[in-house]
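Accompanying notes for the structure given below.
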4 protein chains.
Amino acid sequence: MTANEDRGNARRTQIFKAAAAVFARQGYHRARMDDIVEESGLSKGALYWYFKSKEELATGLVHQMLTHESEALEAVVSRPEPAADRLRFMSATFARDLTESPEKASLTLELLALARTVPEIRECFSSHHEHFVDQISRLLAELRGTRPSSAETRTAALALSALIDGMVLRWALATQPFDLESALRETIDALVQDANTPGK
Amino acid sequence: MTANEDRGNARRTQIFKAAAAVFARQGYHRARMDDIVEESGLSKGALYWYFKSKEELATGLVHQMLTHESEALEAVVSRPEPAADRLRFMSATFARDLTESPEKASLTLELLALARTVPEIRECFSSHHEHFVDQISRLLAELRGTRPSSAETRTAALALSALIDGMVLRWALATQPFDLESALRETIDALVQDANTPGK
Amino acid sequence: MTANEDRGNARRTQIFKAAAAVFARQGYHRARMDDIVEESGLSKGALYWYFKSKEELATGLVHQMLTHESEALEAVVSRPEPAADRLRFMSATFARDLTESPEKASLTLELLALARTVPEIRECFSSHHEHFVDQISRLLAELRGTRPSSAETRTAALALSALIDGMVLRWALATQPFDLESALRETIDALVQDANTPGK
Amino acid sequence: MTANEDRGNARRTQIFKAAAAVFARQGYHRARMDDIVEESGLSKGALYWYFKSKEELATGLVHQMLTHESEALEAVVSRPEPAADRLRFMSATFARDLTESPEKASLTLELLALARTVPEIRECFSSHHEHFVDQISRLLAELRGTRPSSAETRTAALALSALIDGMVLRWALATQPFDLESALRETIDALVQDANTPGK
DNA sequence: AATGAATGAGCATTCATTCAT
DNA sequence: GATGAATGAATGCTCATTCAT
């Protein structure tokens with residue numbers, strides 16, 4: 001029955017949202033299933049009806065989050081504008097999203113730590129990272145006029161994506177807050193300029 | 001008595017070592033105090049004689065680790081060689097160290113996640129990050145002939161240090177292992193080349 | 001649902017009974033939650049489902065015990081017989097109850113000691129003491145033909161209730177056992193006689 | 001060596017004082033040996049040099065306290081004044097002492113509860129109670145012109161001593177403080193008056 | 001599907017006591 | 001006699017998971 005499936009999906013989404021909030025706030029290990037139950041407005045039985053365990057819930061959440069993010073990234077990369085603009089747009093979108101809901105960075109850090117211990121989660125992040133590099137490679141290839149699969153381009157793409165992650169990490173932990181968007185923009189601008197410099 | 005202090009410090013070091021191993025292996029939350037007790041060869045009472053709680057132990061460990069790391073970095077940055085060489089050397093040392101003992105990256109990720117929840121740990125990382133950027137700024141300033149405090153230099157330094165962190169993160173989580181040292185070297189080389197390019 | 005409430009109350013009663021037995025036998029501090037769990041036949045989780053902590057369990061137990069005792073006392077005081085008879089009856093009932101289950105005195109002493117440390121328990125005993133004096137005042141007032149609120153009557157009631165408590169205390173600790181009922185009876189008889197003596 | 005013995009006794013007294021303070025404040029079970037160490041200004045080793053265990057320390061303390069109290073009582077009872085005055089004086093002294101240092105009542109309640117569990121302490125209190133009744137009997141016998149060993153006199157003495165204990169108990173736990181001295185005085189006065197009444 | 005009472009293994013921490021110095 | 005670091009059994013409480021209803 002589609003009606004049932006719909007309700008099921010709605011429930012799952014509801015639970016993911018609650019779990020995301022609680023994990024971001026308290027961390028995975030300090031989050032009790034009861035906290036998620038309360039946050040979600042459902043009952044404990046319901047929660048266990050949809051997810052067999054806390055770990056499975058976390059795994060599902062990671063799947064969902066990274067899928068969303070990949071899709072968003074792909075949407076940006078596929079736009080018709082010039083590559084440089086798309087790069088800047090991507091970075092800005094990314095930064096704005098996190099600035100508006102900083103708990104996302106927190107949550108991601110938490111789930112990254114969890115990835116060390118839970119192979120399935122690790123797999124998710126690992127392939128997401130690869131996908132991320134692929135997309136950035138496409139952009140950089142256009143920008144530099146190289147093939148996306150060239151070693152140089154992939155190295156640059158890996159560097160850029162690592163840079164973004166590292167910047168977000170520092171931003172999330174910084175005691176003296178700084179503006180993520182401009183920090184990223186300045187860096188990207190410098191790199192894009194290099195890319196256009198003949199001889200590069 | 002210095003003898004007592006010495007023994008006390010030896011014990012603390014012994015405990016830090018055990019805690020580092022156990023946290024790296026199992027993560028902070030899955031690590032039981034009994035595991036650390038066993039790993040350290042001491043008794044539970046001794047452990048609690050030196051650290052009031054698991055959290056205080058973790059905090060102490062972070063202090064110690066980051067202090068060591070800062071000192072190591074400073075030693076490298078203060079060498080007499082040309083800035084570019086020091087930069088490469090730093091990156092190589094860093095990469096080799098992690099490649100030889102990959103559990104360090106694991107441990108750091110774990111403790112970074114803990115920083116979100118434990119203010120004192122967060123403070124440690126935050127100031128360590130700043131210190132890191134300071135040192136890189138010194139190197140880049142020499143390299144580019146600018147002042148270490150110039151906005152451009154600091155932005156570049158922030159970017160570079162973020163890049164290193166992000167790269168290590170990806171390396172630690174990658175399902176398909178890659179060579180951290182060469183990945184870092186290639187990136188650094190590219191950047192150093194840029195830096196030497198007139199007009200930069 | 002009333003069915004659920006009923007079961008809940010039954011559980012609570014079951015736990016109180018077990019806790020009373022264990023506290024009486026071992027004292028509050030030497031009683032382990034596991035002992036109460038075993039005595040109650042429930043599981044540890046169930047116990048903590050109904051009481052958040054050992055202290056809350058003790059507090060609840062005191063509430064229940066003193067409420068019961070107050071009601072019993074009130075029932076006796078409200079009987080239709082002459083005041084002197086009610087006084088004797090009360091004392092005899094009290095003594096017989098304790099003689100039959102001496103652990104009650106033990107338990108009360110234990111909880112009194114706890115009252116020093118736990119404000120809520122102290123409050124319980126304090127107001128129970130006041131209530132006790134009120135009831136005795138009613139009896140003595142009838143007996144002596146004064147108002148229950150007259151200073152003399154209240155002093156006498158306070159004295160009498162203190163006397164009963166003190167006697168029970170000595171009885172509970174005496175190495176050479178004595179008969180609580182007759183000790184109380186003789187004292188009360190002497191006092192009642194005084195009360196009837198003209199000029200009092 | 002007497003010098004050593006003296007120091008030993010001084011130490012013991014010092015420890016008793018500290019233990020009394022800590023037990024009164026925190027109760028026997030919540031008092032840690034370390035608390036007593038700190039309060040006494042001695043070291044842990046020293047404390048265990050003089051007392052083999054916490055229980056032995058408590059037992060020794062009870063011995064000391066009750067011995068003091070018995071001696072004080074005996075001193076009062078042996079005075080040359082009329083029996084009624086001595087009775088009043090005893091009660092007043094008793095009340096003033098407690099009012100000035102209310103922690104004594106707390107401490108006694110705590111140790112009474114401990115008596116339930118520790119036979120030696122129980123024995124102490126039990127014989128102290130008997131001694132107390134003996135002394136009161138002497139007073140009442142003089143007052144009433146009976147033999148101290150007559151059943152009536154002993155009953156009255158038991159009642160009076162129970163009354164005092166019970167009153168102190170209530171006073172120690174009362175939420176709404178009352179004046180212990182006058183409460184006792186009024187009661188004693190009433191009883192003394194009775195005692196003088198012919199026919200009693 | 002949903003509820004929430006019940007389960008019980010797990011764990012951080014405490015603290016009386018010991019003992020090498 | 002005195003010190004205080006070290007010991008380790010003991011224990012209150014948590015919380016993921018189950019299951020009768």
Side-chain angles (χ1 to χ4, degrees), chain A residues 1 4 7-8 11 28-38 41-58, chain B residues 1 3-5 7-8 10-11 29-38 40-57, chain C residues 1 3-5 7-8 10-11 28-38 40-57, chain D residues 1 4 7-8 11 28-38 42-58:
Chain A
M1 291 174 233
N4 277 345
R7 187 166 59 185
R11 288 273 193 265
Y28 175 79
H29 286 100
R30 293 200 223 263
R32 290 172 301 136
M33 288 303 257
D34 279 322
D35 294 329
I36 301 175
V37 164
E38 195 182 7
L42 296 175
S43 74
K44 194 178 265 194
L47 206 155
Y48 272 94
W49 179 264
Y50 290 104
F51 297 94
K52 270 202 266 296
S53 70
K54 190 181 178 183
E55 198 171 298
E56 194 182 296
L57 171 54
Chain B
M1 289 181 231
N4 277 345
E5 284 174 18
R7 190 169 54 193
R11 288 273 190 265
H29 286 99
R30 292 200 223 265
R32 291 173 299 135
M33 287 306 257
D34 277 325
D35 294 330
I36 301 175
V37 164
E38 197 180 7
S40 71
L42 295 175
S43 74
K44 196 177 264 194
L47 208 154
Y48 274 94
W49 178 264
Y50 289 103
F51 299 95
K52 272 201 263 296
S53 69
K54 192 180 178 183
E55 196 172 300
E56 194 182 298
L57 171 53
Chain C
M1 288 180 229
N4 276 346
E5 285 175 18
R7 191 169 54 191
R11 287 275 191 263
Y28 175 79
H29 287 100
R30 293 199 222 265
R32 292 172 302 134
M33 287 306 258
D34 278 326
D35 294 329
I36 301 175
V37 164
E38 195 180 7
S40 71
L42 296 175
S43 73
K44 195 179 267 195
L47 209 154
Y48 274 93
W49 177 264
Y50 289 103
F51 298 94
K52 270 200 264 297
S53 69
K54 191 181 178 183
E55 197 173 298
E56 193 180 299
L57 171 52
Chain D
M1 294 174 234
N4 278 344
R7 187 166 58 186
R11 289 272 194 264
Y28 175 78
H29 287 99
R30 292 200 224 264
R32 291 173 302 138
M33 287 304 258
D34 279 323
D35 294 328
I36 301 175
V37 164
E38 195 182 9
L42 296 176
S43 74
K44 197 179 262 194
L47 207 156
Y48 272 93
W49 178 265
Y50 290 103
F51 297 95
K52 270 201 265 297
S53 70
K54 190 181 180 183
E55 198 173 297
E56 194 182 298
L57 170 54

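Just so we're on the same page: letters track the sequence lines, and every chain starts at 1.
Going from atom CG of A:Leu57 over to atom P of F:dC15 covers 16 Å, rounded to whole Å. Distance CZ (D:Phe51) to P (F:dG1): 14 Å, rounded to an integer number of Å. Between the CH2 atom of A:Trp49 and the P atom of F:dA16 there is a distance of 21 Å, given to the nearest Å. Put simply, NE2 on A:His29 is 16 Å from P on E:dG10, counting in whole angstrom units. Computed from coordinates, the A:Ile36 CD1 to F:dT17 C1' distance equals 14 Å when rounded to whole Å. When the P atom of F:dA10 is taken as reference, atom CG of B:Asp34 falls 14 Å away, rounded to whole Å. The interatomic distance linking D:Arg32 (CZ) with E:dT13 (C1') rounds to 12 Å, in whole Å. Rounded to a whole Å, the NZ atom of C:Lys52 is 12 Å from the P atom of F:dC13.
Between B:Tyr50 and the phosphate of F:dA6, there is a side-chain N or O to OP1/OP2 separation shorter than 4.0 Å. The side chain of C:Lys44 contributes no N or O atom lying less than 4.0 Å from OP1 or OP2 of E:dG8. Taking side-chain N and O atoms only, D:Arg11 has a distance below 4.0 Å to OP1 or OP2 of F:dA2.
Pair assignment for E:dA1 gives none, since no Watson-Crick or G-U wobble pairing has each distance under 3.5 Å. Across all strands shown, E:dT21 pairs with F:dA2; the Watson-Crick or G-U wobble distances both stay below 3.5 Å. The partner of F:dC15 is E:dG8, judged by Watson-Crick or G-U wobble contacts that both fall below 3.5 Å. For E:dT13, the paired base is F:dA10 (Watson-Crick or G-U wobble, both distances below 3.5 Å).
Residue-to-nucleotide proximity on DNA chain F shows that, of B:Leu42 and C:Lys54, the 5′-proximal contact is made by B:Leu42. With the nearest nucleotide of DNA chain E identified for both A:Ser43 and C:Gly45, A:Ser43 has the one nearer the 5' end. Nearer to the 5' terminus of DNA chain F, by closest-nucleotide assignment, is the contact made by D:Arg7 (compared with the other of D:Arg7 and C:Tyr48).
Note that NZ of B:Lys44 and CD of B:Glu38 are 11.5 Å apart. Values are rounded to the nearest 0.5 Å. A distance of 13.5 Å separates OH in C:Tyr50 from CD in C:Glu56, rounded to the nearest 0.5 Å.
Judged by the 6.0 Å and 45° rule, A:Lys54 forms a cation-pi pair with A:Tyr28.
No engagement by B:Arg30 is indicated, since no non-hydrogen atom pair under 4.0 Å with the nucleic acid exists.
Counting only heavy atoms from C-beta outward, the side chains of A:Leu42 and A:Leu47 never approach each other to under 4.5 Å. You'll find the side chain of A:Arg11 stays beyond 4.5 Å of the side chain of A:Trp49, heavy atoms only.
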